[in-house]
Every structure is written in structure tokens, then in C-alpha cells.
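The sequence lines fix the lettering, A, B, ..., with proteins before strands; numbering per chain opens at 1. Keep in mind the model is a prediction, meaning the values are calculated, not measured. Just so it is clear, the values below take in all heavy atoms, side chains as well, and ignore hydrogens, waters and symmetry mates.
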Amino acid sequence: MPRFSFDIAATDGTARTGRIAMQRGEIRTPAFMPVGTAATVKAMRPEEVRASGADAILGNTYHLMLRPGAERVAKLGGLHNFMGWDRPILTDSGGYQVMSLSELTKVAEEGVAFASHLDGSRHMLSPERSIEVQRLLDSDIVMQFDQLVPTTSTGVEQREAMQRSIRWAKRSREEFDRGGEHAERAAIFGIQQGALDEDMRQASAGALIDIGFDGYAVGGLAVGEGQEAMLGCLDFAVDMLPADKPRYLMGVGKPDDIVEAVRRGIDMFDCVLPTRSGRTGQAFTADGPINMRNARFAEDQEPIEPGCPCSVCTKFERAYVHHLVKSGEILGAMLMTQHNLWFYQRLVQGLRDAISEQRLNEFAREFLGRYRRA
RNA sequence: GCGAUCGUAGCUCAGCUGGUUAGAGCAUCGGUUUGUGGUACCGAGGGUCGGGGGUUCAAGUCCCCUCGAUCGCC
């Protein structure tokens, strides 16, 4: 088995479909990776995640290093063994969480000192430590440690964070290469930063390519800038990344974001929306998202999404799911999450098929027309 | 039957010695959530202050009657 390979089977415009082959399995692209932050795709058993069509999931350096601890996971045989998922796992480096979750962060060239959101305990995350944690987890796709800044930051702050992310990318790559056996079976991705600025995106991409990575992520988007701005950025940012490597848009997104990003050449996605929304009452359907808490579903005997082949829609009615969600029942979160994961996987399968058959534009027009009509 | 305490939003209650348009939490109705804190946040509707009478410039608040609840005592 190869350590890591990416084969493009077909293209349609700037969109591509293909597969990433790794020792723990292959990832069909465009791919959607459900988020399993704390060694669990919340409310789902691993076999249910797999049954939805997911080829890989995302795990999280920040959360797992705080609890249960990376060394403990390593002692227990690695993250795959620990959580019962034997296919590829991509691990986020913690750069995003340090910005979004922890308090009292102090960013220096060495790394980031922060206080845990769980108990306030003090920790340090550097490129070296982030990669080490990901190695202890036995991650398949390791992400470089990067620095994000809020959308409200100034151009100077954005540039400094982008340049620091480049230096951290180099250190991440070097630490990864020191990983011995792990480096021989895992892959590492760099992360392009630069906010919405074309020159900064170019500088970031160029530097990452010089360092050399197995895949390249577009980072720092979907953080409040709005869809129009994000797509405008992708219009120039994606093409700066090597065409023969996977391109991963981090943290995105809504179904229509994914369709638009695939059209612009993105191959991989992760997002909390299908799982988090599942827990908070929002269900995705071809006719747009619906809030299952709404009173209009109280006696609705249709499935969540008419025509959906998932095991939730073939068995349960909206009225029942509405009741479960409103009652805060655990099963409500489970059923909603399962449906949403199926919806996302059916979407990327539809995109893969459409690209293979050179009809992506029709697919996109049809999907978006129906999805956004709501 | 007598005495005490209490009746304010669907529920639990706050409204100091009378003083703008009677509030809160929960519930209800709706919205937001993009490299996850089973969350959090935003907005809306909802009241003859148990009922009646009186005092006063002004009553949820004071007085009288009445209805109801809870507790205690014959």
C-alpha cells in the first residue's frame, strides 16, 4: 500500500473527482469528513458514520491533548483503536481552537500559551508539540500548526499571522519528518492563510509549496466573512495550490458552500454543521434546511426529507423526531445527526458523479436552485 | 365554624414605606450557529395584578366585602 497518493479520475472545469489512497483506506474526492472532535462523531457509532458513506473523519489535537491526553491515547493503542474507527483520520492541529475556544492566549514565535476551556489549566502548543500530539494519536493526515486571526483584525495583524504560519509550517514539516515510523505511513498538509487578500494568499501558497506538503488546505475562511467574500477569495486562492495535490477547505461548510467550492477546485471538506445542527434541531434537506423544533412539524407524518434513503427517513416521521428534539431526548440527536450525515455524503457523492459525467454545472444549478429556493 | 397566611404571564415567583408604559427565570413561538463547549446567543407573543366596592391627584401596593387555596384550632 502506498503511504499517500492522489489520483484524479475526471475533471469538469476546475472541479475534480478522484481518490486519495492511504494505508488505512481510500478517500473519495470531493470528500466530506464528519467532525469527531473528542474521539467521537457525537451521537454516532463508528459503523453508523461509515454507513453514511464517510471515508474519513476529523479528530482534534486541542481537545484530545486536554482530555483524555495524547500520551494516554497512545498508550491505549492510538486514536483508531481507542474510538473504534479503522479508516483514515485527519487531525486538526489546534490552531483554530486556540483562537476560538481558549482564553488568556499568548502568541509568541515559539508557540501559543493558553488556558484550557475545561479547567483553566495552562498549556503550550507549538508546531513541534502539535505534530507530536498528532503522532501520538497516530493521525493519518496531520495538519500543520497555524495561526488564525479574527476577521476584525487589521491587515498588519493578518500579514503577521500569515507569515508566522509559514514559519510554523516549516517547523511542522520538520517535526513530522522526525517522526520515524509514523512519517512513513502518514501524510502532512500545509495551510494557506492570508485572509481575503490575493497577494497574501499568493505569498502563503508559494512558501508552502517550497516547503512541500502532501496536500494543501485553504485556512482562515468561513469565519464570519460571508459566503460571497469567501467564494470571491476561493476564485483566486485555489488555483495557487498545486493541481496534483488534494485541496482542503477547512471548516466548510453549508451544503451550498460545498457545491460552490467544489466548482472552484476544492477536494476535501470538514464541518460541524451536520452533526451540531443534528443536536440543535436543524435538518438538511434538498429543499433547504428545516428547523425540526418548529411547531408545524408536530403532526407531520412525512419523513425528515421525503425521498431520502437513510435509515431514519425510511422509518421515522417528522412528528416523532420533532417530539424527541423538543424533549431533549438523546435519540433525537442521534436520528437528526444520522440523517444529516447521510445528506452530506449523498451531496458529495452527487458531486463526484456529476464531475465524472461532465455535468457539474447542471447538477449545481439544479441543486442550488432547489436548496436556496426555501 | 374561627384564626393565620397567600392569590401578579402557561408554571415558579419579584415588585421596598402608594408614584412613568407591571418585571424575571422557565415554558411557548421564531431566528442564528462553518478546522464542535450536547452549547450559546438574538428576537417575539403572552397580564381585566382572583372578583366587586371605596380612600387618593395617583392603588398590584391602603380599607371594606366577596370567592378560592394552604395551614392551624374547635
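The aromatic rings of A:Phe4 and A:Phe189 sit perpendicular to each other, their planes meeting at more than 60°, with 30° as the lower class boundary. The aromatic rings of A:Tyr320 and A:Phe316 sit parallel, their planes meeting at an angle under 30°, below the 60° perpendicular limit.
When both pairing distances are held under 3.5 Å, B:C26 makes a Watson-Crick or G-U pair with B:G10. Summarising the base pairing, B:G60 is matched to no nucleotide, lacking a Watson-Crick or G-U wobble pair whose two defining distances lie under 3.5 Å. For B:G46, there is no paired base (Watson-Crick or G-U wobble, both distances below 3.5 Å). For B:A4, the paired nucleotide is B:U70, the pair qualifying as Watson-Crick or G-U wobble because both relevant distances are below 3.5 Å. Pairing partner, B:U34: none, since no Watson-Crick or wobble contact has both distances short of 3.5 Å.
A:Ala333 comes within 4.0 angstrom of a nucleotide base, judged by non-hydrogen atoms across all strands. Nucleic acid contact for A:Glu225: none, since no nucleic acid atom lies under 4.0 Å from a heavy atom of the residue. Across all strands shown, A:Thr275 has heavy atoms under 4.0 Å from base atoms, whether or not it also approaches the sugar-phosphate. Counting any heavy atom pair closer than 4.0 Å across all strands shown, A:Leu90 reaches no nucleic acid atom. Within 4.0 Å of A:Gly95, counting heavy atoms only, lies no atom of the nucleic acid at all. A:Asp146 comes within contact range of at least one nucleobase, with a heavy-atom separation under 4.0 Å.
Heavy-atom nearest nucleotides on RNA chain B were determined for A:Lys326 and for A:Gly94, and the one closer to the 5' end corresponds to A:Lys326. Heavy-atom nearest nucleotides on RNA chain B were determined for A:Gln144 and for A:Leu331, and the one closer to the 5' end corresponds to A:Gln144.
The side chain of A:Asn294 approaches B:G30 more closely than any other nucleotide in the set B:U33, B:G35, B:G30. Side chain of A:Thr280, nearest nucleotide from B:G37, B:G35, B:U33: B:U33. Comparing B:G38, B:G35, B:U34 by their closest approach to the side chain of A:Leu148 singles out B:G35.
Regarding A:His63, its NE2 atom lies at a distance of 13 Å from the C1' atom of B:G38, rounded to whole Å. Put simply, NE2 on A:His117 is 5 Å from C1' on B:G37, counting in whole angstrom units. Remark: P of B:G35 and CG of A:Leu137 are 19 Å apart, rounded to the nearest angstrom. When the P atom of B:U28 is taken as reference, atom CZ of A:Arg296 falls 17 Å away, rounded to whole Å. Computed from coordinates, the A:Leu273 CG to B:G38 P distance equals 15 Å when rounded to whole Å. Between the CG atom of A:Asn340 and the C1' atom of B:G38 there is a distance of 15 Å, given to the nearest Å. Here the C1' atom of nucleotide B:G35 and the CD1 atom of A:Ile89 are 16 Å apart, to the nearest Å. Atom C1' of nucleotide B:U33 and atom CZ of A:Arg276 are separated by 6 Å, given to the nearest angstrom.
Across the C1' atoms, B:G43 and B:G3 are found 50 Å apart, a figure rounded to whole Å. With both ends at atom C1', the span from B:C6 to B:U20 equals 29 Å, rounded to whole Å. B:A22 sits 9 Å from B:G47 when the C1' atoms are compared, rounded to a whole Å. Distance check on atom P: B:G52 versus B:C57 gives 23 Å, rounded to whole Å. With both ends at atom P, the span from B:U48 to B:U8 equals 11 Å, rounded to whole Å. When the C1' atom is used for both B:G68 and B:G51, the distance is 11 Å, rounded to whole Å. Comparing B:U56 with B:C63, their C1' atoms sit 12 Å apart, to the nearest whole Å. B:G54 and B:G18 are spaced 15 Å apart, taking the C1' atom of each and rounding to whole Å.
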Between A:Tyr344 and A:Phe284, does the ring-ring contact (aromatic ring centres under 6.0 Å, His included) criterion hold? Intermediate values first, please. CA-CA 8 Å; A:Tyr344 268 69; A:Phe284 291 94; 5.4 Å; yes

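A donor-acceptor pair under 3.5 Å is absent between the side-chain atoms of A:Asp138 and the main chain of A:Gly78, judged by distance alone. Side-chain atoms of A:Ser130 do not come within 3.5 Å of backbone N or O of A:Pro127 as any donor-acceptor pair.
Distances shorter than 4.0 Å separate some side-chain N or O of A:Lys42 from OP1 or OP2 on B:G38.
Here the rule is salt bridge (charged side-chain N to carboxylate O under 4.0 Å, His left out) with A:Asp235, and of A:Arg201, A:Arg264, A:Arg263 only A:Arg264 fits it.
The base of B:G30 has none of its N or O atoms less than 3.5 Å from a complementary donor or acceptor on the side chain of A:Asn291.
Around CZ of A:Arg45, the count of heavy atoms belonging to other residues, nucleotides or ligands within 6.0 Å does not exceed 12.
Counting only N and O atoms by type, the side chains of A:Thr91 and A:Gln134 include a donor and acceptor under 3.5 Å apart.
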